[in-house]
Amino acid sequence: MQPVPVWNLDPMKILTRRELARVLADAKAQAGRSANGRRNLVIVRLACCCGLRVSEIAALQLGDVMLDGPRPHLRLRRETTKGKRPRCVPLWWDAGTLADLAEWKALRVQQGASSRDPFVCSVQAHLRGRPLRRHAIRRRFLSACKVLGPARLRALTVHHGRHTFISHALAGGRSLAEVRAAAGHSNLAVTSAYAHIVVDDEESIGNLFSYACARIG
């Protein structure tokens with residue numbers, strides 16, 4: 001058996017706690033003003049709080065959002081995942097994510113959508129209910145992240161939402177096995193690489209080498 005290669009994750013590929021809180025707060029504010037805002041909030045939730053790839057977001061159907069019972073979850077069908085392995089993404093890990101996705105699903109049902117219709121869709125009047133292409137989902141994700149400023153925005157992609165989900169789930173106390181299953185990783189070593197990423201923000205610039213200056217003085 002060949003050894004599993006070591007994979008180092010760039011910390012800049014995740015949103016910190018403060019960044020994610022800012023994005024979600026702004027997205028929720030926008031959701032109260034427009035249909036575009038509501039749809040963008042759902043995309044952020046699916047990427048950053050559920051770890052879905054852009055292709056999985058595009059392929060998610062209304063019937064894949066399972067809200068009944070004590071363990072609500074997303075059902076990722078075999079044909080929609082990268083490794084062609086079905087998986088379940090827990091929604092009971094985070095009440096805010098569950099509430100936002102449940103509200104969106106209720107709205108889609110109210111609009112007449114069926115279980116096989118796309119969960120994330122166009123909200124334009126003449127295209128309402130039609131699936132979004134991947135490039136449109138990428139744009140909508142970045143639109144929701146504008147609150148972080150242009151410099152940070154240039155470094156972000158929707159796939160960073162997946163990195164964010166995995167890192168925050170591990171930092172929040174979910175086990176490696178649980179997060180591996182939710183993310184659909186084929187190897188536990190890939191999941192464990194995220195365990196070393198710090199998701200908290202530094203409050204201020206530190207004084208790591210202040211002792212050296214003191215000695216010189």
Side-chain angles (χ1 to χ4, degrees), residues 1-2 4-5 7 9 13-14 39 41-109 113-122 129-138 140-141 157-195 197:
M1 179 182 296
Q2 294 183 346
V4 177
W7 180 52
L9 179 66
K13 291 185 176 181
I14 73 158
R39 191 262 321 280
L41 172 61
V42 168
I43 290 174
V44 170
R45 285 295 193 184
L46 291 174
C48 295
C49 305
C50 299
L52 269 61
R53 301 176 177 91
V54 65
S55 59
E56 294 169 342
I57 295 174
L60 193 69
Q61 296 178 350
L62 218 65
D64 297 327
V65 183
M66 316 291 286
L67 301 178
D68 296 330
R71 290 290 186 265
H73 62 277
L74 301 179
R75 177 186 63 188
L76 278 295
R77 289 167 283 113
R78 183 187 309 275
E79 62 271 20
T80 69
T81 64
K82 181 180 178 180
K84 302 304 178 186
R85 292 183 299 273
R87 72 179 193 273
C88 291
V89 178
L91 294 179
W92 71 87
W93 288 0
D94 182 69
T97 300
L98 175 59
D100 286 339
L101 297 187
E103 183 178 349
W104 177 258
K105 181 174 182 177
L107 176 63
R108 295 282 291 118
V109 171
S114 67
S115 62
R116 296 180 66 86
D117 285 328
F119 187 66
V120 176
C121 62
S122 174
R130 295 190 183 182
L132 288 182
R133 297 182 183 273
R134 297 181 192 182
H135 65 83
I137 294 173
R138 294 185 183 102
R140 295 294 95 212
F141 177 82
T157 71
V158 67
H159 199 70
H160 292 170
R162 177 171 166 81
H163 294 315
T164 297
F165 165 73
I166 298 167
S167 301
H168 283 252
L170 290 170
R174 309 313 305 197
S175 71
L176 278 171
E178 286 178 309
V179 178
R180 174 192 177 183
H185 289 151
S186 59
N187 195 293
L188 195 63
V190 177
T191 314
S192 63
Y194 291 84
I197 299 297

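Along the sequence shown, the residues carry numbers beginning at 1.
Sorted by first and then second residue, the pairs that involve residues 55-64 and meet salt bridge (Lys or Arg N to Asp or Glu O under 4.0 Å), not counting sequence neighbours, are Arg53-Glu56, Glu56-Arg87, Asp64-Arg75, Asp64-Arg77.
Residues His163 and Ile197 fail the side-chain proximity criterion, which asks for heavy atoms closer than 4.5 Å. Two residues are said to be in side-chain contact when any heavy atoms from C-beta on lie closer than 4.5 Å; Cys48 and His168 fail this criterion. Leu60 is not listed as a side-chain neighbour of Val120, based on a closest heavy-atom distance of 4.5 Å or more.
For Ser175, the side chain to side chain donor-acceptor pair (under 3.5 Å) partners two or more places apart in sequence, or in a different chain, are Glu178. Residues passing the side chain to side chain donor-acceptor pair (under 3.5 Å) test with Ser167, sequence neighbours excluded: none. Residues passing the side-chain contact (heavy atoms from CB on, under 4.5 Å) test with Ala136, sequence neighbours excluded: Leu132, Arg139. A search for salt bridge (Lys or Arg N to Asp or Glu O under 4.0 Å) contacts involving Arg45 returns Asp94, Asp100, not counting sequence neighbours. Applying the side-chain contact (heavy atoms from CB on, under 4.5 Å) test to Arg71 and every residue at least two apart in sequence or in another chain returns Trp92. For Leu98, the side-chain contact (heavy atoms from CB on, under 4.5 Å) test picks out Leu67, Pro72, Leu91, with sequence neighbours left out. Scored by the side-chain contact (heavy atoms from CB on, under 4.5 Å) test, Arg108 finds Leu62, Trp104, Gln111, Ala113, Asp117, Pro118, Cys121 as partners (sequence neighbours excluded). Shown here are the side chain to side chain donor-acceptor pair (under 3.5 Å) partners of Arg140, two or more places apart in sequence or in another chain: there are none.
Of all non-hydrogen atoms in Val65 and Lys105, the two that sit nearest each other are O-NZ, 2.6 Å. Of all heavy-atom pairs between Leu176 and Ser192, the closest is CD2-CA, 3.6 Å. Nearest heavy atoms, Ala195 versus Leu170: N-CD1, 3.7 Å. Scanning both residues, Val179 and Ala169, for their nearest heavy atoms gives CG2-CB, 3.8 Å.
Tested against Val42, the residues Leu107, Thr97, Leu101, Ile57 include a single side-chain contact (heavy atoms from CB on, under 4.5 Å) partner, Leu101.
Here CZ of Arg39 is found 6.5 Å from OG of Ser122. Values are rounded to the nearest 0.5 Å. Rounded to the nearest 0.5 angstrom, Leu41 CG and Cys49 SG are separated by 8.5 Å. Distance check: Thr81 OG1 to Arg85 CZ gives 7.0 Å after rounding to the nearest 0.5 Å. Atom CG of Leu46 is separated from atom CZ of Arg162 by 13.0 Å, given to the nearest 0.5 angstrom. Rounding to the nearest 0.5 Å places CD1 of Ile166 at 4.0 Å from OH of Tyr194. The distance from atom NZ of Lys13 to atom NE2 of His160, rounded to the nearest 0.5 Å, is 5.5 Å.
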